[in-house]
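Read through the structure below, which is laid out as structure tokens, and then see the notes.
All ligand and atom numbering here is 1-based and tracks the order in the structure. What you see below is based on every heavy atom in this structure, not just the backbone, and it leaves out hydrogens, waters and symmetry mates.
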Amino acid sequence: MPALHPTLKAELHLSDGRKIELPVYQSHLGFDAIGVEKLQKEQLFTFDQGLTSTALCESSITYIDGDQGILLHRGYPIDELAFNKTYLDVAYLLLKGELPNEEELKAFKAEICSHYMVNEQFTRLFQGFRRDSHPMAVMCAASSALAAFYHEYYDEDPEKAHDKTAIRLLAKMPTLAAMCYKYSIGRPFMYPQYHLSYAGNFLYMMFATPCEPYVVNPVIERAMDRIFTLHADHEQNASTSAVRGVASSGPNPFACISAGIASLWGPAHGGANEACIKMLEEIGTVDRIPEFIARAKDKNDPFRLMGFGHRVYKNYDPRAKVMRETCHEVLKELGINTPLLQVAMELERIALSDPYFIERKLYPNVDFYSGIILQAIGIPTSMFTVIFALGRTVGWVANWRELNEEPMKIVRPRQIYTGHTERHIK
Ligand SMILES: CC(C)(COP(=O)(O)OP(=O)(O)OC[C@H]1O[C@@H](n2cnc3c(N)ncnc32)[C@H](O)[C@@H]1OP(=O)(O)O)[C@@H](O)C(=O)NCCC(=O)NCCS
């Protein structure tokens, strides 16, 4: 990454007469940033709750412009990637900076396949959990457990260690996720299949049984691959910042990813598609929609339509466009028309035509469509965030890698202290 050079200067004037000159760093796209490190010398620091106006790092992986509805990975628009490339192409791009050619992709996939299996000891780890444990709790534990198996990370050449860590994580997360599901329903674990695609193998491990042959449906396989692709990375979101924050003190990378999974679990982050399905179930039938629309518009009612609107995208979420098309393909292929899907489709129609939603740019978001797809293909709601975690793993690893390739500073924010002043025991 090129070193940052200030292009402009900012001057901070305090009412006590102090004047502090600060550097302004230029981004390749988007906002510039004021460097505030110098403030400490003046016994000052900045206050930015939630770090919404603070750049945590310099990064060349992903760029988002929420006002324009733009998401770029290494410069490529997300819809171009999702419609023309597979998840493994995008994973390679995020990790290495360029799209792979045919041979590079083949070699990348072969390496991932060779790491699909997890140590057989993992079957015992799963047996320690209640069958009704939340799969995200099990995923936090299972990803941390990988750290115990791969502690040799520290002894290797950094370049090789980074590659191997990325490959192991990409390969083993689907296996662990499918094991979570199989364990929860008391069915035997299914070993990964090298001849299938990345998404196809995951579907196989989720839905095949040892009793009969399982054929991967290509429409579902493509939908799964797109869900992974559309969740692959999203700049410095809460879970990615959590991974960076933990990684900044230099622990085992698998433990860092576990921190990302924990952060993603929260309903304010990865849990939105689950919340969306719960809302659709609560609405129940199409005739009850007007009641819920009225509640969503009522200023005195805290109810909000789950799966609509986005904190960053104030224009159509570019991922939702792809997800919408994929969702309609899946529903057509499966010929499903449950009351829940009828409610979802009618809500979509209303949101795209009602002035309340149009004026506020409250479009259906990626979670709305991914929830419907996952529900239609038979994935239980409690597994939705796990699927998100699978897709996002590569974004976490790419950020972990980037952080490790730069001179590292431990993330150590400050606080505004509002407790007691010094006092003594009487
Ligand atoms: C995502 C979300 C938190 C973004 O919120 P935000 O950027 O802070 O937007 P605001 O709260 O400023 O809302 C702007 C306006 O739209 C309305 N609004 C926002 N989301 C709404 C929703 N889902 N349903 C109904 N009205 C909504 C607000 O009431 C507000 O109306 P007003 O201008 O008349 O006061 C919000 O849209 C939401 O809660 N969505 C549902 C949850 C969800 O799907 N989350 C997943 C996001 S990936």
Note to self: Is the contact between Lys314 and ligand 1 made by the side chain, the backbone, both, or neither, using heavy atoms and a 4.0 Å cut-off?
What the structure shows: side chain
For [atom], grab the closest protein heavy atom and report residue, atom and distance to one decimal in Å.
atom: atom 44 (O) of ligand 1; result: Gly307 N, 2.7 Å
atom: atom 48 (S) of ligand 1; result: Asp367 OD2, 3.0 Å
atom: atom 45 (N) of ligand 1; result: Ala272 CB, 3.9 Å
atom: atom 47 (C) of ligand 1; result: Asn365 ND2, 3.7 Å
atom: atom 26 (N) of ligand 1; result: Tyr356 OH, 3.1 Å
atom: atom 25 (C) of ligand 1; result: Ala296 O, 3.8 Å

Notebook entry, point to check: Does Arg360 make a cation-pi contact with Tyr356, if we ask for NZ or CZ under 6.0 Å from the ring centre and within 45° of the axis?
Noted result: yes
Check: Looking at Tyr87, does the NZ or CZ of Arg226 lie under 6.0 angstrom from its six-membered ring centre and within 45 degrees of the ring axis?
Finding: no
Margin query: Using heavy atoms and a 4.0 Å limit, tell me yes or no: is Lys299 in contact with ligand 1?
Written below: yes
Note to self: So, 4.0 Å and heavy atoms of Phe303: is ligand 1 close enough to count as a contact?
What the structure shows: no
Notebook entry, point to check: Should the ring pair Tyr204 and Tyr214 be called parallel, tilted or perpendicular, given that the plane angle runs from 0 to 90° and is split at 30 and 60?
Noted result: perpendicular
Next item on the list: Fit a plane to each ring of Phe388 and His231, take the angle between them on a 0 to 90° scale, and name the class: parallel (under 30°), tilted (30 to 60°) or perpendicular (over 60°).
Entry: tilted
Check: Are Glu333 and Asn217 close enough that a side-chain donor and a side-chain acceptor fall under 3.5 Å?
Finding: yes
Next item on the list: Please name the pair of heavy atoms, one in Pro6 and one in Pro23, separated by the smallest distance, quoted to 0.1 Å.
Entry: CB-CB, 3.6 Å
Margin query: Any nitrogen or oxygen of Gly309 lying under 3.5 Å from a nitrogen or oxygen in ligand 1? Just yes or no.
Written below: no
Check: So is there a nitrogen or oxygen of Leu305 less than 3.5 Å from a nitrogen or oxygen in ligand 1?
Finding: yes
Taking the ring of [Y] and the ring of [X], is the distance between their centroids below 6.0 Å?
X: His134; Y: Phe384; result: no
X: Phe228; Y: Phe202; result: yes
X: Phe308; Y: Phe368; result: yes

Margin query: Under 4.0 Å from atom 40 (N) of ligand 1, is there at least one protein heavy atom?
Written below: yes
Next item on the list: Could you tell me whether atom 36 (C) of ligand 1 has a protein heavy atom closer than 4.0 Å?
Entry: yes
Out of [options], who gets a non-hydrogen atom closest to [atom]?
atom: atom 20 (N) of ligand 1; options: Leu362, Asp317, Val312; value: Leu362
atom: atom 13 (O) of ligand 1; options: Arg360, His269, Arg304; value: Arg304
atom: atom 4 (C) of ligand 1; options: Met279, Arg295, Arg311, Met306; value: Arg311

Note to self: Is the shortest side-chain heavy-atom distance between Ser143 and Phe254 below 4.5 Å?
What the structure shows: no
